[in-house]
Amino acid sequence: MGKSLVIVESPAKARTIAGYLGDDYVLGSSVGHIRDLPSRASDVPAAQRKRFGALGVDINEGFEPYYVVSPEKKKTISELKKHLAKADELLLATDEDREGEAIAWHLVEVLKPKVPVRRMVFHEITKDAISKALDETRAIDDRLVDAQETRRILDRLYGYEVSPVLWKKVTRGLSAGRVQSVATRLVVQRERERMAFRSAEYWDLLATFDPGAFEARLVALDGARIAQGKDFEPTTGELRESGVVRLDEARARTLSESLDDATFAVRSVEERPYRRKPAAPFRTATLQQEASRKLRFSAQTTMRVAQRLYESGYITYMRTDSTTLSESALAAARTQVAELFGEDFVPAKPRVYGRAVANAQEAHEAIRPAGDAFRTPKQLERELNRDELALYDLVWKRTLASQMEDARGQTVSLRIGATSANGEDLEFGASGTVITFRGFLAAYEPGKDEPTDDDEERVLPQLKVGQEVTLEALEPDGHSTVPPARYTEPTLVRALEERGIGRPSTYAAILSTIVDRGYVFKRGTALVPTFVAFSVVNLLERHFEQLVDFDFTARMEHDLDRIAAGEQARNEWLERFYFGNDGDPGLHHLVTENLDAIDARAVNSIAIPGSEAVVRVGRYGPYLEHDERRASLPADLAPDELTPGRVEELAQGALDRADSMFRTDVAPWCPEIF
DNA sequence: CAGTGAGCGAGCTTCCGCTTGACTT
């Protein structure tokens, strides 16, 4: 008698909470969303099909959605109904964010409870937080539900209206969406930069001095700074700044030889304190980044392993945008740091990390070891497999480090001067860091995408101004500038997260989507765009510019907040997006009347910098068009590898093999395009 | 009667975000 049904989203969470609540409570889980818009018209009953059409939204009647319960969810719902029949109260404990609020609302709509319904929310799974949540229940926030529904409908309209444009103008089966199209655009833009990149060569001198056999580089010649990589314009390879000296190989060799009899003396010693703070505890995006750098896990692997750790009670929830630790977690971390490293490593006050991300909803804690006392990885060696243990180790170390003291030390910068045989003044520079107190570094060193010399710990000898040093070795050293690196899984996720695009639950899925659609392929860890991606991005940039603007989602989020606050009407907002107003044509117009304005041949033509040839994307894939001739392109060719030289080679290859050579004035590949 | 081919019409592709199995490889 008198039992309450508590519904959460995750079955694992239900199990945990059941332990904190007494026998008066029955736990159920929705296993995520329980209803959604139909994915195709045939999922809508025939009688409703005319009204809701293929969109599942009645665009003429207040953008009313038609929701369907998918077959896989029928069982979940019947189980919840069974529990509800025996309960005399329903507590909706879905996550406290936009999606969680909507799930709660859908549950009420579908379960049609006859007993009182209350909404309860908590952001951490501790006994205190849950009992407090029981005392502070509220009603469902209908405005927040409105905001979620608006988001859902916007994504449906965008995805289901723009994708067919791509089928008509590029190739069947393609897709566009608020998230995937921006992700694809980022990857394409980076490749365009690489294609436009012109390398520059520059030289300097690398000296080794005694005492200490330390290395120093030539930094100035007659008072002018020696050019480094960052001084060159990426698209021209030209020097950006005029007061800078660029050395070529000959000059570097001459300079080197002119120092044979020179004396070298310390000109300056600059000592600065070094201090470095630990990074915040993990959220989904940073966990994916570090697991990629340190464990070489894909985003998908990281999430799969984290899911297992979460379900077995080793870590807290892994899909989160929050870096907050609960009070009990802070205490656990501080206690363990004191035990393992000593009191010196515990800061006077717990460290607090602010909101790290745009559009964070912070419905959960940071990702950390579960429980009120953290188990060490060593204690778990027998129960976890290799991948699980490695990921747990990462989470555990990062959590402890986040509650440890700063690393402290000294940075020393040296300048060493000499005069060449030709009377030129040369200055060499070296810097080193000595860490005197390791602080958080004792537990955890953040990974890097590309290791650099600067942040290596390097010890320089104690030297005084005026002191002479001996030249042990002197080598001219050549460098060339490199194009911006391609995105990898974690760097693309970071770029999206920075712009508030996508959610923790979707980061890994976004990567699969753009790969599955044939927009991106992986070469090692690098994400390489296909020529089809270039076509799609061309089309979207030229004809749906505002939709692929990098700030589109941020603006949407801002508007959804206004809807949630009751400052903006849902229908007005959707009306404007879809049907437009003053000057803005709206999406509907762009995908219907304006369709003829999209020149398929133009968007499917990709110019090759420095070459007369163009790549065209046809129904059967990309090919090269050059001098009225066509040549097919190898499927694994990266766009930036299509240099003018490679174009010649491919064109020649096509000529040599008459069977694969074809003329441009016959056999149209695609009626729309040619 | 069997095989071929032209012509026509119908159906399909697609979004984001929440959560796990159930499934195959």
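Judged by the 6.0 Å distance and 45° axis criteria, A/Arg156 is positioned over the aromatic ring of A/Tyr160.
Taking a pair as Watson-Crick or G-U with both hydrogen-bonding distances under 3.5 Å, no stem of three or more pairs touches DNA chain B.
The salt bridge (charged side-chain N to carboxylate O under 4.0 Å, His left out) search around A/Asp551 returns none, not counting sequence neighbours. Applying the side-chain contact (heavy atoms from CB on, under 4.5 Å) criterion to A/Gln300, with sequence neighbours excluded, gives A/Ser298. In terms of the side-chain hydrogen bond (donor to acceptor under 3.5 Å, both in side chains) criterion, residue partners of A/Tyr310 (sequence neighbours excluded) are, by chain and number, A/Ser10. Residues forming a side-chain contact (heavy atoms from CB on, under 4.5 Å) with A/Thr16 (at least two apart in sequence, or on another chain): A/Tyr20, A/Ile125.
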### Message
Base contacts versus sugar-phosphate-only contacts with protein, heavy atoms under 4.0 Å: please encode nucleotides 15-25 of chain B as B, S and - from 5' to 3'.
### Response
BBBBBS-----
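Checked for salt-bridge contact, A/Glu99 and A/Arg503 miss the test: no charged N lies under 4.0 Å from a carboxylate O. With respect to the salt-bridge test (charged N to carboxylate O, under 4.0 angstrom), the residues A/Lys13 and A/Glu311 do not qualify.
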